[in-house]
Amino acid sequence: MSAGEPSVTMEAEQLQRLLDALPALISYIDSDERYGIVNRAYERWFGEDSGSVVGRHVREVIGDAAYASVKPHIAAVLAGRPQDFESALTYPKGGRRHVRIQYIPHLGAGGDVRGFFVLVSDVSEQKRAEDARRFLADASAALDPAQGRDAGFRRVAALAVTSVADLCAVHTLEPDGSVHARVVAHADPAKAELAARLARRSRTRPEPGTPPSPLHEVLHGGHGRLLADLAGHALADADHIAALRELGCRSAMIVPIRGDGCVLAALTLASAEVADRASGAADLAFAEELAQRIEVALQRVRLYDMARDAESEARRRFLAEQEARRAAERAAQRMAGLQRITAALADALTSEAVAQVVVDVGVAAAGAYGGAIVVTAGDELECLKAAGYEGDTIERFRQMPRDAALPLTDALRTGAPVWLRSREECSARYPHIVSTALSGATQSLCCLPLVVQERPIGVLGLSFAEPRPFDREEQEFLVAVSRQCAQAMERARLHEERAAFVERERRVALENARLYREAHEADRRKDEFIAMLSHELRNPLAPLTTGLELLQMSAQMSAGERADRDDGQILATLERQVKTIVRLVDDLLDVSRITRGKIDLKRERLDVASVIETAVESVRPLLVHRRHDLVLSVDPGVFVHGDRVRLEQIVVNLLNNAIKYTNPGGRVSLACAAIAGDARIQVTDTGVGISAELLPRVFEPFMQARRTLDRSQGGLGIGLTLVKRLAELHGGRVEALSAGHGEGTAISVWLPLAGPPSAPAEAPPPPALEAAPGRSGARALHVLVVDDNVDAAEGLRRILQLHGHAVSVVHDGPAALEAARASKPELVLLDIGLPGMDGYEVVRRLRAEPELTRSYIAAVSGYGQDQDRRRSREAGFDAHLTKPVATAQLLSLLAEAAPRG
């Protein structure tokens with residue numbers, strides 16, 4: 001054995017496996033007509049092992065009948081001529097198959113034919129489908145209306161038993177309930193007697209109490225029946241099925257032939273073979289299609305009969321004869337037109353597409369020159385599609401009230417067609433539209449309601465260029481068109497609703513996902529903010545606690561030891577930390593006020609340079625502490641119309657942000673200039689910068705929590721939010737720029753420039769009570785302090801006593817009333833949030849006491865918004881102080897109350 005033989009053997013095995021995998025018969029036959037190579041398909045076709053086929057003669061394998069058919073082709077290929085042909089062959093074990101056979105000669109080196117290659121493909125299914133299509137075409141042609149109904153049945157039956165069935169029968173139901181076999185044909189002429197017997201048997205009716213046969217069920221309005229194996233049916237079907245068995249039939253299909261809304265006949269197609277479950281549905285569909293074509297033919301027969309009757313009548317009058325023929329032709333055209341409309345509507349999935357098909361195809365099929373479809377839209381009718389009319393006519397009827405006196409609206413209201421056979425009839429019924437709205441080309445028209453489940457959804461209007469009689473056939477045809485249109489529009493509506501529902505569900509799912517993400521993000525940011533707020537409040541509370549402990553220790557020392565101590569630093573620390581807490585609370589309140597639109601701006605014409613100067617002085621201690629260089633570039637004469645306090649707040653927040661997020665020894669730049677009608681204030685730093693991910697959201701509240709989780713810089717992350725909101729309140733905008741981490745940040749604020757100065761305004765009102773400086777020179781007063789917070793009340797008492805005032809303290813409303821009546825205080829510091837009886841009720845009762853009319857009553861509350869101050873004034877308070885109350889505010893209030901005493 002040579003080195004190459006294993007490889008050759010392996011290639012041969014691979015080739016054999018490839019051939020075995022193919023469904024067609026593939027083989028090689030030598031010049032003696034014996035098999036040399038076969039694939040495994042021979043086993044599936046002939047039930048023999050493929051190895052046993054090799055070496056055997058072709059006739060022995062495929063049988064004498066099949067060999068006789070292919071012998072001439074074998075002779076031709078052995079003569080060197082390739083063969084490609086189709087044939088219906090009956091194999092001994094493979095049954096009858098329609099095959100395509102290709103013979104390819106195998107030529108030797110000298111040109112002699114050594115054998116041939118064979119490729120055999122089973123095309124039975126294709127052939128069956130082609131035969132079915134050809135049969136349906138032939139059957140349609142055979143149903144000649146001129147031959148009459150029974151003649152047409154006989155021609156179809158004869159055609160069927162030659163190609164698609166072994167037996168074909170047509171049965172009708174007689175008035176007495178019996179079944180009449182009008183036509184029975186069999187493929188075997190020798191079985192004609194049995195067929196006649198079948199006709200006689202089928203006249204009987206089912207006995208009372210016995211179940212009806214499939215034939216009776218179909219004739220009484222049932223659906224088509226596939227009897228795949230007649231041997232499996234009960235003897236109750238003996239009249240029809242037993243006779244089919246006697247005729248050698250093993251399966252059958254019975255389908256109804258309908259017409260005029262009822263079953264006219266039943267068509268039976270029987271076969272000598274048991275029906276294959278896989279192809280049974282297709283065979284039943286074929287039989288139903290044949291029945292439908294017979295239905296169309298019956299309609300044609302009816303129309304032909306009508307035309308023939310008209311022709312018989314027209315023998316006496318030539319003109320009547322011509323008209324009858326034209327009527328028959330129009331009927332055929334209408335039927336063809338209705339079929340075209342039905343086919344076109346099958347692909348229309350939207351209301352607009354349905355309207356397009358009906359207007360384009362239906363108008364032509366009806367012989368109209370123009371048409372329109374209008375649909376209901378609330379209290380109006382809306383034109384969905386129109387064709388054939390002039391533009392102004394279409395525009396005039398684009399929308400119309402449902403109660404308008406028009407043919408279209410009348411058809412919609414009544415649900416019945418409106419037929420206007422001539423222009424004169426239209427003028428008589430609708431005189432106002434003939435001269436104003438009706439096109440000059442219109443000589444007759446009809447309006448057909450589109451009804452779905454007894455509910456009109458629109459109207460189909462058709463206009464004709466000549467008078468029309470609108471006879472019964474034409475009316476039936478046009479009503480059928482309108483029904484097709486209504487059903488298609490309803491189907492399109494359901495399709496659109498289903499698509500819209502799917503789209504809504506998709507959007508709801510996306511929206512739910514978005515809301516879930518936003519809620520999750522908001523919850524995370526809330527948790528981070530609470531942790532951040534806790535951290536920020538603990539920072540000042542720690543030195544406050546330490547300072548208080550130091551003061552307590554100082555109180556326990558001897559006078560000499562206290563003399564050596566300096567408590568001023570401790571007090572300064574306490575003051576700074578209290579201011580820090582107040583600033584945190586004020587920032588939160590500012591964000592809340594701005595968000596709810598509860599902040600009022602006190603606008604005036606301001607030089608931005610003066611605002612910047614004040615803001616810089618406010619942050620200078622922090623600049624010095626952080627060892628930053630501050631670079632100023634402020635153009636003079638840049639004026640805006642704004643609130644000085646809020647603009648200073650903007651600049652201070654920008655500077656504080658830059659200072660905190662720049663490492664010690666960095667540089668902070670502040671520039672102001674007038675650019676394109678705006679004043680631009682820009683703060684730039686060399687600090688930590690902002691990531692690209694955070695930059696678009698840097699002005700959102702509490703975003704600092706994500707940016708600096710270590711909280712090393714302090715603050716609540718609302719400084720930039722305040723800057724943005726305050727700038728927008730001034731009609732401005734903000735922008736943040738950063739190249740990323742470590743690259744610094746530039747934040748710009750644009751504010752509209754102020755116009756030229758106007759006439760001098762009136763003097764501003766005196767500053768509010770809270771901003772007035774403290775005065776210590778007021779005379780001694782009798783003061784009543786009312787607060788349920790004992791520590792707060794005690795603190796106020798000590799401060800007042802240190803300034804020489806007599807003080808009484810109570811902690812609830814009833815006690816306050818009793819103490820006020822007893823001591824007649826000149827000043828009452830009254831907390832609003834008291835238990836039981838709140839401060840509003842207390843002040844109303846105090847004002848009702850004649851002896852207390854001159855008392856000065858001030859509200860002391862943690863609520864300091866505008867509505868809180870307004871409510872306290874309405875209740876009877878003279879002033880409103882917001883906790884914590886500064887000593888300067890308290891002394892100013894004492895000076896205000898002293899003159900009343």
Side-chain angles (χ1 to χ4, degrees), residues 579 582-583 586-587 590 593-594 599-626 628-660 662 667-685 699 718-736 745-773 886 888:
K579 289 181 177 179
V582 172
R583 178 178 56 79
D586 285 344
D587 283 351
D590 279 344
R593 292 188 191 105
I594 294 172
I599 191 168
D600 293 325
L601 299 179
K602 299 178 177 62
R603 294 178 179 269
E604 57 180 314
R605 195 170 187 271
L606 298 173
D607 187 346
V608 180
S610 66
V611 175
I612 290 176
E613 181 180 358
T614 305
V616 169
E617 290 305 315
S618 299
V619 301
R620 194 170 295 282
L622 184 58
L623 275 167
V624 174
H625 176 71
R626 299 281 290 180
H628 290 328
D629 290 334
L630 177 62
V631 180
L632 295 176
S633 176
V634 180
D635 291 352
V638 179
F639 288 89
V640 297
H641 191 67
D643 186 315
R644 177 179 291 275
V645 174
R646 296 304 181 181
L647 293 182
E648 288 179 3
Q649 189 176 5
I650 289 175
V651 179
V652 167
N653 278 344
L654 291 179
L655 289 172
N656 275 334
N657 230 47
I659 293 169
K660 287 192 298 182
T662 301
R667 184 177 70 255
V668 176
S669 302
L670 192 156
C672 175
I675 301 175
D678 288 326
R680 188 189 72 174
I681 303 171
Q682 185 178 62
V683 176
T684 307
D685 62 62
F699 293 103
I718 59 177
L720 291 181
T721 301
L722 280 173
V723 168
K724 181 177 184 291
R725 303 283 173 82
L726 290 173
E728 289 172 347
L729 284 176
H730 283 81
R733 57 189 176 90
V734 296
E735 181 184 52
T745 303
I747 298 181
S748 301
V749 177
W750 282 268
L751 301 172
L753 288 173
S758 57
E762 296 180 3
L769 176 64
E770 293 180 348

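- Of the possible donor and acceptor atoms, none in the side chain of Asp685 sits under 3.5 Å from a partner among the backbone N and O of Val668.
- Within the 4.5 Å cutoff, the side chain of Leu726 has heavy atoms near those of the Gln649 side chain.
- Atom-to-atom distance recorded for Gln682:CD and Leu654:CG is 10.5 Å, nearest 0.5 angstrom.
- With hydrogens and angles ignored, the 3.5 Å screen pairs no side-chain donor or acceptor of Asp643 with any backbone N or O of Arg603.
- Summarising the geometry of Ile650 relative to Ala727, their closest heavy-atom pair is CD1-N, 3.9 Å, with the distance given to 0.1 Å.
- Counting only distance, with no hydrogens or angles, the side chain of Ser618 and the backbone of Thr614 share a donor-acceptor pair below 3.5 Å.
- Looking at Val634 and Val608, their side chains never come closer than 4.5 Å, going by heavy atoms from C-beta outward.
- Taking both residues in full, the closest heavy atoms of Pro752 and Gly731 are given as CG-O, 3.5 Å, listed atom of the first, atom of the second, then distance.
- Interatomic distance, Asp607 CG to Glu613 CD, rounded to the nearest 0.5 Å: 9.5 Å.
- For His628 (side chain) and Ile659 (main-chain N/O), a donor-acceptor pair under 3.5 Å exists by modelled atom type.
- Once rounded to the nearest 0.5 Å, the distance linking CH2 of Trp750 with CZ of Arg680 reads 6.0 Å.
- Using a 4.5 Å cut-off on side-chain heavy atoms (C-beta onward), Ile747 and Thr684 make no contact.
- Taking 4.5 Å as the limit, some side-chain heavy atom of Val616 sits within range of a side-chain heavy atom of Leu655.
- No side-chain heavy atom of Val734 sits under 4.5 Å from any side-chain heavy atom of Glu728.
- Between the NZ atom in Lys660 and the CG atom in Asn656 there is a gap of 6.5 Å [rounded to 0.5 Å].
- Closest approach of Ala679 to Val640, counting heavy atoms only: CB-CG1, 3.7 Å.
- Counting heavy-atom neighbours within 6.0 Å of Glu648 CD, excluding the residue itself, gives a total above 12.
- Nearest heavy-atom pair across Val683 and Ala658 is CG1-CB, 3.8 Å.
- Annotation: side chain of Ser748 is not in contact with side chain of Arg733 (no heavy-atom distance under 4.5 Å).
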- Test side-chain contact (heavy atoms from CB on, under 4.5 Å) applied to Asn657 and Leu720, step by step: CA-CA 8 Å; Asn657 230 47; Leu720 291 181; 3.6 Å; yes

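- Annotation for Arg644 and Ser610: closest pair NH1-OG, 3.4 Å, computed over non-hydrogen atoms.
- Taking both residues in full, the closest heavy atoms of Cys672 and Ile681 are given as SG-CG1, 4.3 Å, listed atom of the first, atom of the second, then distance.
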Test side-chain contact (heavy atoms from CB on, under 4.5 Å) on His730 and Arg646 and set out the steps. CA-CA 10 Å; His730 283 81; Arg646 296 304 181 181; 4.1 Å; yes

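- Distance check: Phe699 CZ to Thr721 OG1 gives 9.0 Å after rounding to the nearest 0.5 Å.
- Rounded to the nearest 0.5 angstrom, Ser669 OG and Leu632 CG are separated by 8.5 Å.
- Under the 4.5 Å side-chain criterion, counting only non-hydrogen atoms from C-beta, Val631 is in contact with Arg667.
- One N or O on the side chain of Arg626 and one on the backbone of Thr662 form a donor-acceptor pair closer than 3.5 Å.
- Screening Val652, Leu751, Ile612 for a side chain to side chain contact (heavy atoms under 4.5 Å, CB included) with Leu647, the sole residue that qualifies is Leu751.
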